[in-house]
Amino acid sequence: MGLKIMDATVASFNDVFRKFREEAANNKANLILFLADNEPSTSLSWCPDCVRAEPVIYKKLEECGENVALLRAYVGDRPTWRTPVHPWRVDSKFQLKGVPTLIRWENDDVAARLEDHEAHIESKISTLLA
């Protein structure tokens with residue numbers, strides 16, 4: 001079935017994440033990509049690291065083959081993300097420090113992660129997927 005993509009915002013995350021978790025056992029790999037929202041005026045991400053990493057991540061996921069689920073979780077605009085009490089910064093499971101962050105989700109927990117400074121490196125993405 002290839003790559004299955006689900007999208008969530010901070011507001012919709014709990015419902016989408018519940019469905020993602022329910023379907024996880026059916027997939028070869030389950031990943032969560034936390035990334036910045038697009039700027040309405042330009043339709044481009046406000047985050048240069050996200051702009052650099054996204055195409056590389058999508059390419060590697062497509063190469064991965066069958067039954068890969070990707071939950072794209074959009075952190076919001078820059079002021080929303082910058083607040084120290086952003087829900088995913090303070091969440092005990094995710095503890096985000098930057099975007100993009102790519103997480104491998106296994107056994108209902110974070111199994112591995114790539115932080116913003118490494119999420120664009122093909123070899124690291126391959127290792128995360130292995």
Side-chain angles (χ1 to χ4, degrees):
M1 217 166 104
L3 181 61
K4 296 177 274 189
I5 297 176
M6 303 170 90
D7 289 330
T9 62
V10 173
S12 69
F13 184 78
N14 288 340
D15 289 336
V16 176
F17 187 50
R18 185 178 319 106
K19 184 174 186 208
F20 175 82
R21 290 167 69 190
E22 288 169 0
E23 297 175 4
N26 303 326
N27 303 314
K28 180 176 129 184
N30 296 285
L31 302 151
I32 306 169
L33 175 59
F34 291 94
L35 65 164
D37 284 17
N38 290 338
E39 290 284 356
S41 60
T42 64
S43 297
L44 301 172
S45 175
W46 56 259
C47 167
D49 290 334
C50 294
V51 170
R52 177 172 62 166
E54 274 189 271
V56 180
I57 291 168
Y58 298 142
K59 176 182 169 233
K60 295 306 287 181
L61 292 179
E62 289 291 342
E63 290 171 4
C64 192
E66 293 295 312
N67 294 330
V68 176
L70 175 66
L71 169 54
R72 294 187 298 201
Y74 292 92
V75 302
D77 61 16
R78 189 184 303 252
T80 300
W81 170 242
R82 294 283 185 217
T83 182
V85 294
H86 186 286
W88 297 327
R89 286 186 185 275
V90 298
D91 185 286
S92 61
K93 274 197 190 303
F94 301 123
Q95 300 176 4
L96 289 189
K97 294 174 180 50
V99 288
T101 296
L102 182 62
I103 289 176
R104 183 172 182 121
W105 187 260
E106 288 179 5
N107 301 317
D108 211 33
D109 204 359
V110 174
R113 70 193 299 141
L114 295 175
E115 303 283 346
D116 54 345
H117 62 281
E118 59 191 354
H120 67 284
I121 302 170
E122 284 193 47
S123 62
K124 292 196 175 210
I125 297 167
S126 294
T127 300
L128 184 82
L129 293 170

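- We find the CZ-CH2 distance between F34 and W81 to be 8.5 Å, quoted to the nearest 0.5 Å.
- One finds the CE atom of M6 at 10.0 Å from the CG atom of N30 (value rounded to the nearest 0.5 Å).
- Across W46 and G76, no two heavy atoms sit closer than the pair NE1-O, 3.0 Å.
- No donor-acceptor pair under 3.5 Å is formed between the side chain of R78 and the backbone N or O of A36.
- Every side-chain hydrogen bond (donor to acceptor under 3.5 Å, both in side chains) that S12 has, sequence neighbours left out, goes to T9.
- Annotation: D109, atom CG; neighbour count of heavy atoms from other residues, nucleotides and ligands within 6.0 Å is above 12.
- Ring-plane geometry between F17 and F94 is classed as perpendicular, the angle between the planes exceeding 60 degrees on a 0 to 90 degree scale with a lower cut at 30.
- Minimum heavy-atom separation, E122 to K60: OE1-CD, 3.7 Å.
- Taking CG from D116 and CG from D49, the interatomic distance works out to 5.5 Å, rounded to the nearest 0.5 Å.
- Atoms CD1 and CZ, from I103 and R113 in turn, are 4.5 Å apart once rounded to the nearest 0.5 Å.
- When all heavy atoms of A119 and L114 are compared, the closest pair comes out as CA-CB, 4.1 Å.
- In this structure, E54 CD and C47 SG are separated by 8.5 Å, a value rounded to the nearest 0.5 Å.
- There is no path of hydrophobic side-chain contacts, each under 4.5 Å, that joins L31 to W105.
- Residue V110 is not grouped with residue L102 when hydrophobic side chains (ILVMFWY) are merged at heavy-atom distances under 4.5 angstrom, including chains of intermediate members.
- No more than 12 heavy atoms of other residues, nucleotides or ligands lie within 6.0 Å of NZ in K19, so this atom counts as exposed by the packing criterion.
- Atoms CG and CD1, on L61 and I5 in that order, are 8.0 Å from each other to the nearest 0.5 Å.
- When every heavy atom of V56 is checked against every heavy atom of H120, the shortest pair comes out as CG1-O, 3.3 Å.
- Tracing side-chain contacts under 4.5 Å through hydrophobic residues (I, L, V, M, F, W, Y), one reaches V10 starting from V75; they form part of the same cluster.
- Hydrophobic clustering of Ile, Leu, Val, Met, Phe, Trp and Tyr side chains at less than 4.5 Å, counting indirect connections, unites L3 with L33.
- Residues satisfying the side-chain hydrogen bond (donor to acceptor under 3.5 Å, both in side chains) criterion with E62, sequence neighbours excluded, are absent altogether.
- In the hydrophobic cluster analysis, where Ile, Leu, Val, Met, Phe, Trp and Tyr join through side-chain heavy atoms closer than 4.5 angstrom, F20 is grouped apart from L128.
- Annotation: side chain of L71 is in contact with side chain of V16 (closest heavy-atom distance under 4.5 Å).
- Looking at heavy atoms from C-beta onward, I125 lies out of side-chain contact with K59 at the 4.5 angstrom threshold.
- Looking at K4, its side chain never comes within 3.5 Å of a backbone N or O of N27 through a donor-acceptor pair.
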side-chain contact (heavy atoms from CB on, under 4.5 Å) between L44 and E39, worked out: CA-CA 6 Å; L44 301 172; E39 290 284 356; 5.9 Å; no
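- With respect to the salt-bridge test (charged N to carboxylate O, under 4.0 angstrom), the residues R18 and E22 do not qualify.
- When the options L96, T101, V99 are evaluated for a side chain to side chain contact (heavy atoms under 4.5 Å, CB included) with W88, the one that passes is L96.
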